[in-house]
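Below is one structure, written out as structure tokens; comments come after it.
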Amino acid sequence: MSTLYQNFIDGRFTPADPGTAIDVHNPATHALLARIPTATPGEVEEAIAAARRAQPAWERTPAIQRAAHLRAIAGKLRQHKERLAEIITREQGKILGLARVEVDFTADYMDYMAEWARRIEGEVLQSDRPGETIFLQRKPIGVTVGILPWNFPFFLIARKMAPALITGNTIVVKPSEETPINAFEFARLVAETDLPAGVFNLVGGRGADVGASLCSHPDVGLISFTGSVQTGSTIMQAAGRNLTRVNLELGGKAPAIVLASADLDLAAKAVVDSRVINTGQVCNCAERVYVERAVADEFTAKVRALMAATRYGDPMAEADLHMGPLVNQIGLDKVAAMVNRAREQGGEVILGGRKADRPSGYHYEPTLITGCNADMEIMRKEIFGPVLPIQVVDGLDEAIALSNDSDYGLTSSIFTRDINAAMKACRELRFGETYVNREHFEAMQGFHAGRRKSGIGGADGKHGLYEYTETHVVYMQHG
Ligand code: NAD
């Protein structure tokens, strides 16, 4: 019998109904790993009510004490690192090394947000009146909801929870139904600490019912969502009915610009690293390349060699892999269909281009497509797989124009040794992030935010933290 997890509401695990439980499978072997509960409408109601009851006392708790709770949880995560990493790998399919990085990063993120305890600041303003002082105070919003994707499922718990809690909010988290086990294990570790009941709650279930109920609840002050553009739009509509704030971290179609002035070895390695990490299932991954004509053949040959050397397989059974499987059959079929359409639209597949011939697992071959142009779907839609399309351009202006001509605006990169070209790109690229001469991957002290359909608001650093606060102005008359 596989484990049936339980929702974590008001500091307690609640009995789960096996009849509505959701099976979770390993994408490399298709083995059943565990079952998670579908929260009933009553449980969704109770989770939000518990978060609401707990919030005033949590807000009154000094921030430095709230920080101690975050650090205690970070300590638990480090203590159980290996077990948690294996759980993440089994249910999501990323290689074990990356899963370990994810657990470390999650614990570090909790500590990083805890460090803000003594740094959340307001302002004191001059008044136009005599005998008056104006104070701007940063206050928590109240009850927040965190809706998570499956690609970095463990880290995303902390990315929502840590800024919410350190600023005095409480939270109800719903993990993705694809990768929920790590979140239920996280809740078990939280339950071993003395975090007050109701401050952190976790409910399982599918997006269309449990997720939708959480996002349409009038007592929720902020919905922090990471996932697809389509779901982000649905959530925003639900939030609109109650005028609930939203923070939306959505998809990407990151361009990588490679100029003739680039260090081509560095560029090729950084682009390939950014494409194969997590089997290409990362919002900030390099999703399309614009290479300057003079170096196109040389760069493409270097990329091809690196992509061809990319080893993939079952990350729990094989060592020294670069990639595991894609997360599910839908993801695999989507990638395969996009590559087929790219062929039909004139792209030349010079490496890979097929589902991998393996007995099990949602594996797709590392794939390189040349001869791409701006009209092709593969240059415009998020692939979310180990497939790299390359378009040749005649200079920086063309590369910038093509990069900006996109529904998405999350991350971008440029490779050049020409400082003027780099500065021009940083000035003209309309993206939330630009990486110069390095792979795409954000830092926790930065600010991760998308333009256009890549989202609203952002996460990380001081600016991400303050998204979990609202400003209260006090006009104080005194002697
Ligand atoms: P998804 O939109 O399918 O699902 C995300 C979550 O939303 C899941 O928990 C799901 O159950 C829930 N959900 C679905 N419908 C809902 C509804 N109507 N109401 C409330 N919740 C609902 O996304 P996914 O496939 O899990 O994640 C992949 C996507 O996430 C990609 O597009 C990727 O680019 C994006 N992503 C973005 C970032 C970022 O920081 N910008 C980070 C990671 C992933």
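Fair warning: this is a prediction, and the values are worked out from it, not measured in the lab. One-based numbering, in listed order, for ligands and for the atoms of each.
Here's the thing with His448: one of its N/O atoms is less than 3.5 angstrom from an N/O atom of ligand 1.
With values rounded to the nearest 0.5 angstrom, Ile223 atom CD1 is found 11.5 Å from Lys160 atom NZ.
Side-chain atoms of Ser360 and His30 include no donor-acceptor pair closer than 3.5 Å.
Scanning all protein heavy atoms for the shortest distance to atom 8 (C) of ligand 1 gives Leu148 O, 3.2 Å. Among protein heavy atoms, the minimum distance from atom 35 (C) of ligand 1 is reached at Gly227 O, 3.2 Å. Of all protein heavy atoms, the one closest to atom 20 (C) of ligand 1 is Gly211 C, 3.2 Å. For atom 37 (C) of ligand 1, the closest non-hydrogen atom of the protein is Leu250 O, 3.0 Å. What sits closest to atom 28 (C) of ligand 1 on the protein, heavy atoms only, is Phe384 CE2, 3.8 Å. Considering only non-hydrogen protein atoms, atom 39 (C) of ligand 1 sits nearest to Cys283 SG, 3.2 Å. If you check which protein heavy atom lies closest to atom 11 (O) of ligand 1, you get Glu177 OE1, 2.6 Å. Looking from atom 34 (O) of ligand 1 to the surrounding protein, the closest heavy atom is Glu382 OE2, 2.6 Å.
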* **From CA spacing to verdict: salt bridge (charged side-chain N to carboxylate O under 4.0 Å, His left out), Glu185, Arg188** => CA-CA 5 Å; Glu185 291 288 338; Arg188 283 182 171 178; 3.3 Å; yes
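Taking the six-membered ring where the residue is Trp, His69 and Trp58 present tilted rings, their angle falling between 30° and 60°. Using a 30° and 60° split on the angle between ring planes, Trp116 and Tyr112 fall in the perpendicular class, above 60°. Under the 30°/60° scheme for interplanar angles, the aromatic rings of Phe13 and Phe8 are found to be tilted.
Under a 4.0 Å criterion applied to the non-hydrogen atoms of Leu410, ligand 1 contributes the atoms 41 (N). Close contacts of ligand 1 with Glu249, meaning ligand atoms under 4.0 Å from a residue heavy atom, involve 37 (C), 38 (C), 39 (C), 40 (O), 41 (N). Heavy-atom contacts of Pro149 reach the following atoms of ligand 1: 26 (O), 27 (O) (cutoff under 4.0 Å). Those atoms of ligand 1 that come under 4.0 Å of a heavy atom in Trp150, given as number and element, are 24 (P), 25 (O), 26 (O), 27 (O). Every atom of ligand 1 is numbered from 1 in the order shown, and the set under 4.0 Å from a heavy atom of Lys174 is 9 (O), 10 (C), 11 (O). Within the listing of ligand 1, atoms 18 (N) sit less than 4.0 angstrom from a heavy atom of Thr234. Annotation for ligand 1: atoms under 4.0 Å from non-hydrogen atoms of Asn151 are 43 (C), 44 (C). Listed by number with element, the atoms of ligand 1 under 4.0 angstrom from any heavy atom of Ile147 are 6 (C), 7 (O), 9 (O), 12 (C), 21 (N).
By the 6.0 Å and 45° rule, Arg380 does not stack over the aromatic ring of Tyr408.
Between the side chain of Arg206 and the backbone N or O of Gly211, no donor-acceptor pair lies under 3.5 Å. A side-chain donor-acceptor contact under 3.5 Å links Ser412 to the backbone of Glu433.
Under 4.0 angstrom from ligand 1, the non-hydrogen atoms of Ile235 all belong to its side chain. By the criterion of a heavy-atom distance under 4.0 Å, neither the backbone nor the side chain of Glu178 is placed next to ligand 1.
For the pair Leu326/Tyr364, a side-chain contact is recorded, criterion being any heavy-atom separation below 4.5 Å from C-beta on. Counting heavy atoms from C-beta on, the side chains of Glu287 and Arg275 come closer than 4.5 Å. The shortest distance between side-chain heavy atoms of Glu467 and Ser224 does not fall below 4.5 Å. Looking at heavy atoms from C-beta onward, Glu365 lies out of side-chain contact with Thr310 at the 4.5 angstrom threshold.
If you look at Phe200 and Phe186, their ring centroids are closer than 6.0 Å.
Residue contact check for ligand 1: Ala212 places a non-hydrogen atom closer than 4.0 Å to it. By the 4.0 Å heavy-atom criterion, Phe225 is counted among the residues contacting ligand 1. Assignment of Pro175 to the shell around ligand 1 is supported, since a heavy atom sits closer than 4.0 Å.
Atom 13 (N) of ligand 1 has its nearest heavy-atom neighbour, among Gly207, Ser454, Ser228, in Gly207. Nearest to atom 15 (N) of ligand 1 by heavy atom, out of Val327, Ile330, Thr231, is Thr231.
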